[in-house]
*Asks:* 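I'd like to ask you about the structure that follows.
The basis for the numbers below is simple: all heavy atoms, side chains too, and nothing from hydrogens, waters or symmetry mates.
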Amino acid sequence: LSGQSVRLSSNGPVACLVSRPFAAPTTGRLTVSVWLRVADAARQPPLRLALEGKIQGRDYYRFGPVGLPPAPSQHADPISTEWGQYVVQIDDLPLEGMTAMRVRFDLMGPGEVWIDDVQVYSLAFNRTEMVELSKLIALADVKLKQREIGDCLHLLEGYWPRFLEENVPLTAGATQPETARAKPPESRPKPSERTGWYNRLLPDALRF
């Protein structure tokens, strides 16, 4: 969905909006970004942002609640009358055997919500992860400049550097869901080309 909002509503029964199936990512990570709004902030819809699929013939379903919490003891981000971005990130998807993956919006009871600009990222990092990656890069750079080659190689042979080398091609970088918008955009700019996997992952504010 992009460029045209969809109104999802229900008078009581569960209502669902489901994407077409797509190939499961090989990274084991998937991030869904969506822009939502409601007509009345006092009437929060019981909405789930979900992923579904099949793993070895069994149903796979993961979700993040927004709007009305599933239970009084649980938390869900409220939806505003103004367009706002909501993100669900799953970083432990099965690496093999996943098929028929779909994005779902499940309205679990009475309510209504407007949905727009759904984006799916197979390799995206949140702010905390980006900061930790920048620290690792900075430390490796210091070790290299100090000619502590063994320590530098030890850092670069860790999990994250190997993960990035395997999953971030030279022609495309990992992304972050964009947040600095008051409403969904009509189009998105193409990411600029960057050299080196660490520069292709770090936003301008973190690059050095």
Side-chain angles (χ1 to χ4, degrees), residues 1-20 22 25 27 29-53 61-93 101-133 173-192 201-206:
L1 299 172
S2 183
Q4 183 177 3
S5 61
V6 173
R7 176 176 173 265
L8 180 63
S9 66
S10 172
N11 292 325
V14 175
C16 303
L17 180 64
V18 185
S19 75
R20 295 177 181 177
F22 56 90
T27 60
R29 301 169 64 96
L30 198 68
T31 300
V32 179
S33 166
V34 60
W35 290 76
L36 305 172
R37 71 174 180 89
V38 293
D40 184 356
R43 299 176 59 189
Q44 291 289 310
L47 183 66
R48 291 181 176 182
L49 278 58
L51 290 173
E52 71 169 9
Y61 182 84
R62 297 281 294 276
F63 72 93
V66 294
L68 186 67
S73 60
Q74 294 178 301
H75 171 76
D77 293 328
I79 304 173
S80 172
T81 55
E82 301 293 331
W83 286 110
Q85 186 188 40
Y86 297 80
V87 176
V88 170
Q89 183 177 44
I90 297 176
D91 57 11
D92 59 352
L93 290 171
M101 179 160 281
R102 301 173 188 259
V103 175
R104 295 178 59 103
F105 298 92
D106 295 333
L107 194 56
M108 304 306 294
E112 65 177 0
V113 61
W114 276 262
I115 302 170
D116 199 355
D117 197 31
V118 181
Q119 301 287 332
V120 178
Y121 303 85
S122 62
L123 189 63
F125 298 91
N126 60 41
R127 183 71 179 181
T128 299
E129 290 171 329
M130 296 296 283
V131 170
E132 292 304 315
L133 284 170
T175 56
Q176 287 179 291
E178 299 179 34
T179 58
R181 288 192 172 93
K183 61 180 180 179
E186 294 298 326
S187 62
R188 289 178 178 269
K190 294 181 180 179
S192 59
L201 292 173
L202 292 180
D204 292 339
L206 294 180

*Asks:* To the nearest 0.5 Å, what is the distance between CZ (R37) and OG1 (T81)?
*Replies:* 8.5 Å
*Asks:* Which atom names give the shortest non-hydrogen contact between W83 and W114, and what distance separates them?
*Replies:* CZ3-O, 3.6 Å
*Asks:* Run the side-chain contact (heavy atoms from CB on, under 4.5 Å) test against S9 and tell me which residues pass, sequence neighbours left out.
*Replies:* R7, E112
*Asks:* Counting only heavy atoms not in R43, do more than 12 fall under 6.0 Å of its CZ?
*Replies:* no
*Asks:* Would you check if I115 and L36 make a side-chain contact, meaning some heavy-atom pair closer than 4.5 Å?
*Replies:* yes
*Asks:* Could I get the full list of side-chain contact (heavy atoms from CB on, under 4.5 Å) partners for R20, not counting sequence neighbours?
*Replies:* none
*Asks:* What side-chain donor-acceptor pairs closer than 3.5 Å can you find for residues 62-74, not counting sequence neighbours?
*Replies:*
residue: R62; atom: NH1; partner: Y60; partner atom: OH; Å: 3.1
residue: R62; atom: NH1; partner: D92; partner atom: OD1; Å: 3.1
residue: R62; atom: NH2; partner: D92; partner atom: OD1; Å: 3.4
residue: Q74; atom: OE1; partner: A71; partner atom: N; Å: 3.3

*Asks:* With a cut-off of 6.0 Å (strictly less than), are more than 12 heavy atoms of other residues, nucleotides or ligands near CG of N11?
*Replies:* no
*Asks:* Could you list the residues that satisfy side-chain contact (heavy atoms from CB on, under 4.5 Å) with V14, not counting sequence neighbours?
*Replies:* C16, M108
*Asks:* Between atom CD1 of I90 and atom CZ of R29, what is the distance when rounded to the nearest 0.5 Å?
*Replies:* 11.5 Å
*Asks:* Which value, rounded to the nearest 0.5 Å, describes the distance between F22 atom CZ and L30 atom CG?
*Replies:* 5.0 Å
*Asks:* Using modelled atom types and a 3.5 Å cut-off, is there a donor and acceptor pairing between side-chain atoms of Y86 and backbone atoms of V32?
*Replies:* no
*Asks:* With the side chain counted from C-beta on, respond yes when V118 and F105 share a heavy-atom pair under 4.5 Å apart, and no when they do not.
*Replies:* yes
*Asks:* Please report, to 0.1 Å, the donor-acceptor pairs under 3.5 Å made by any side chain of residues 45-53, with sequence neighbours excluded.
*Replies:*
residue: E52; atom: OE1; partner: R104; partner atom: NH1; Å: 3.0

*Asks:* Roughly how far apart are L17 CG and L8 CG, rounded to 0.5 Å?
*Replies:* 6.0 Å
